[in-house]
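In what follows, a single structure is set out as structure tokens and then discussed.
Nothing here was measured: the structure is a model prediction, and the numbers come from that model. Within every chain, numbering begins at 1; the chains are lettered A, B, ... in the order of the sequence lines, protein sequences first and strands thereafter.
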Amino acid sequence: MELLSNLGLGFSVAGSFANLAFCLIGAILGTLIGVLPGIGATATIAMLLPITFQLEPVSSLIMLAGIYYGAQYGGSTTAILINMPGESSSAVTAIDGYQMARKGRAGAALAICAIGSFFAGTVSTFLVAIFAPWLTEQALKFGAAEYFSLMVLGLVMSVVLAHGSIVKALAMVVLGLLLGVVGTDIYTGTPRFTMGITEYADGLNFVALAVGVFGIAEILRNLEDESETREVMTASVRNLWPTREDFRAMVGPVLRGTGIGSLLGILPGGGAILASFASYTMEKKISKNPQEFGKGAIAGVAGPESANNAGAQTSFIPLLTLGIPANPVMALMIGAMIIQGIVPGPSVVTDQPELFWGIIASMWIGNLMLVVLNLPLIGLWVKLLTVPYYILFPIIMAMCSIGVYSVASNTFDLYAVAFFGLLGYLMSKLRFEPAPLLLGFVLGPLLEENLRRAMILSRGDATTFVTRPISLTLLLMSLGVLVLVLLPAIRKGRDEVFVESEG
Amino acid sequence: MSNQNTDTTEVAAGVMLILIAVFFGWQTLDLEVGTSLRMGPGYFPMILSGLLLILGIIVLLSAFRQKGEPFGRVAWRGLLFILPAPVFFGLTVRGLGFVPSLFITTLIAAQASVKMRPLPALILAVAVTVFSTFVFSYALGLPFRRFGPWLPL
């Protein structure tokens, strides 16, 4: 019954009136920005991140959980209503969700998303509560060499899941690691790559990088062609509640999606994106009417959305126990924790149980808020979709500027935003994926520290990484994954999955 | 894209990676590399710069073996007005103060769209400034100077 008392502690923290309010505000803000077309969950969270820094750690992370769920749901809304997925994880939802909307069933599609996500979120909350303490015990046995190898695995996984060229995704990881190294060397105090600017001695601001590379680059992309008009399925968002047949059709996909998502989410670097693709492929394979897929199949919305959410939830396991982010969103969460003075890792569970369990409980509460709040409010969000873009982006720019400045009152962070916005836009024009870069940036300092510590502990013997069994296993897994994706046959299959999603 | 067998986008991508790698590599020269037992501040960045250089060369070389895809439009107007907005905010938020600085920042950003007319831009900037001042400065109590020393107030 330790599980129940742990969850009880979590809910007593997250359920306080103030924290519920922060979670609610987060969910509203997250949805508000998330439904803006072309802005995905990662960009939304990056932009809203600074707001949470004014709060105490627990409240701040709880609000972030609300933002996260809101952003995810907002992304699904744009995917369904205007066929504009802001993120690859909702790209799958767009395939059948948009077709449902065109048949006048947008309301049902949105409700299926919310209900499927909620179910998956509930199940995976329990999974996290069950497995996190056990994994934490394992994690305490991890030395510097194991940490290093685990991070290598995480980075390799993020490369595999990126769109397009593997070599270019690898290059983005390396560039991210290099940018993460900027600042003062922790061992010797030597400034590195700061160009003599003392304001960068503490390293480049994580928020500035995230807002620039994700937020501003996306605004610029949207400004490329202003002549196109988007078709908004506003008229069809009535009859929100799914019919009895809909419910029957979604039970199976939701259950299977939850299973797949929970499993894949635990893998470092994997998580939600892979989960939604895997679920979609599976539903299509086992469906009695596979020809319905791509034409508004309920299973094509319910399965991936549940898998996505379950994967997102269980990816908190590697984040909270090992401090390894599984995807860019988790990388943002780590960034937020570090700014709050919390070092994610196994010690969080033992040292700050109320924080650990509070976050887990708040993830579930954030999910609940979404169902309670967003189903009735959907009409409002749809109206927001009709606000012209040229009104929205100056507001976003102002908020980003204030947000980034408020983190540390460092004006150089604002210059970094502009620089990273330019870099992000250039990268997107040259078909580079920003997600591996962000992951590399967050892990860079950790990777270097553990590498150096492992080498000192082994007295300069580099074989330490392959003679320790856990470390060797992790490295072999990374190598195996990398070899697999570079094999031509599998590479083709991977391309097909992505092509299918864009079709 | 005159040459069918060269992807110019990929050439640019490869060149960009190589330039970045060279830049970081050159900056690493000033740092002490150390030994593998006691790694100096330059050790890890040196490995990374080398890796990035190799990856850049691979991207560049493979660019000559694939067909080019269109590069697409460039948001020149967006670049011209979006990027200076946060820079302007950074330069003036202390001197001019939060209120006037944010007002002008929003006005600058608003110019990035061809669809924005002067009057709506002005109304939008006023609205954003009033809202943000109320929320961030009064409600959240962020330590911003509302009007800075550059103004004769």
Please determine whether side-chain contact (heavy atoms from CB on, under 4.5 Å) holds for the pair A:Tyr415 and B:Leu91, giving the CA-CA distance in whole Å, both sets of side-chain angles, and the decisive distance to 0.1 Å. CA-CA 9 Å; A:Tyr415 312 146; B:Leu91 288 172; 3.2 Å; yes

Selection from [options] maximising heavy-atom pairs under 4.5 Å formed with chain A:
options: B:Ala75, B:Pro41, B:Ser62; answer: B:Pro41
options: B:Pro120, B:Gly56, B:Gly40; answer: B:Gly40
options: B:Glu32, B:Gln111, B:Met116; answer: B:Met116
options: B:Pro45, B:Gly78, B:Gly34; answer: B:Pro45
options: B:Ile58, B:Ile20, B:Thr129, B:Val93; answer: B:Val93

Residue pair [X] / [Y]: nearest heavy atoms and the distance that separates them:
X: B:Ser113; Y: A:Tyr390; result: OG-CB, 3.3 Å
X: A:Gly444; Y: B:Phe44; result: O-CE2, 3.9 Å
X: B:Ala110; Y: A:Pro394; result: CA-CG, 3.7 Å

Most heavy-atom pairs under 4.5 angstrom with chain B, which of [options]?
options: A:Val173, A:Thr411, A:Leu447; result: A:Thr411
options: A:Ile402, A:Leu426, A:Asn410; result: A:Ile402
options: A:Asp185, A:Val182, A:Val404; result: A:Asp185
options: A:Asp461, A:Val417, A:Thr190; result: A:Thr190

Would you sort out whether A:Leu223 and B:Arg77 count as a side-chain contact (heavy atoms from CB on, under 4.5 Å), showing the intermediate values? CA-CA 8 Å; A:Leu223 284 172; B:Arg77 196 185 168 99; over 6 Å; no

Partners of B:Thr92 by side-chain hydrogen bond (donor to acceptor under 3.5 Å, both in side chains), sequence neighbours excluded?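 Result, side-chain hydrogen bond (donor to acceptor under 3.5 Å, both in side chains) vs B:Thr92: B:Ser101.
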
Verify, without hydrogens or angle tests, whether A:Lys429 (side chain) and B:Arg73 (backbone) share a donor-acceptor contact under 3.5 angstrom.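 Flag set: sc A:Lys429 to bb B:Arg73 pair under 3.5 Å.
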
Residue [X] versus chain A: region with a heavy atom under 4.5 Å:
X: B:Phe23; answer: side chain
X: B:Val74; answer: both
X: B:Leu52; answer: both
X: B:Leu79; answer: both
X: B:Thr105; answer: side chain
X: B:Tyr43; answer: neither

Non-hydrogen contacts under 4.5 angstrom with chain A: give the residues of residues 82-90 of chain B involved, or none if there are none.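 Result: B:Ile82, B:Leu83, B:Ala85, B:Pro86, B:Val87, B:Phe89, B:Gly90.
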
Chi angles and distances behind the side-chain contact (heavy atoms from CB on, under 4.5 Å) call for A:Ile395, B:Phe131: CA-CA 10 Å; A:Ile395 304 177; B:Phe131 174 81; over 6 Å; no

Taking A:Val174 as the fixed residue, which of B:Leu17, B:Leu53, B:Ile54, B:Leu48 is the one that meets the side-chain contact (heavy atoms from CB on, under 4.5 Å) rule?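 Answer to the side-chain contact (heavy atoms from CB on, under 4.5 Å) test with A:Val174 among B:Leu17, B:Leu53, B:Ile54, B:Leu48: B:Leu48.
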
Distance in Å, B:Phe24 CZ paired with A:Leu177 CG, rounded so as to fall on 0.5 Å steps: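 If I round to the nearest 0.5 Å, the distance is 11.0 Å.
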
Straight-line distance of A:Leu178 CG to B:Ile47 CD1, nearest 0.5 Å: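 The CD1 atom of B:Ile47 is 11.0 Å from CG of A:Leu178, to the nearest 0.5 Å.
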
Within the 4.5 Å heavy-atom criterion, are B:Arg94 and A:Tyr405 side-chain neighbours or not?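 They are in side-chain contact.
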
Heavy-atom distance under 4.5 Å between the side chains of B:Met39 and A:Glu448, does that happen here?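 No, every pair of side-chain atoms sits at 4.5 Å or beyond.
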
With only heavy atoms counted, which part of [X] is less than 4.5 Å from chain B, the side chain, the backbone, both or neither?
X: A:Phe419; answer: neither
X: A:Phe193; answer: both
X: A:Ile216; answer: side chain
X: A:Phe412; answer: neither
X: A:Val167; answer: both

Pair B:Gln27-A:Arg192, side-chain contact (heavy atoms from CB on, under 4.5 Å): steps then yes or no: CA-CA 8 Å; B:Gln27 287 282 311; A:Arg192 296 189 284 186; over 6 Å; no

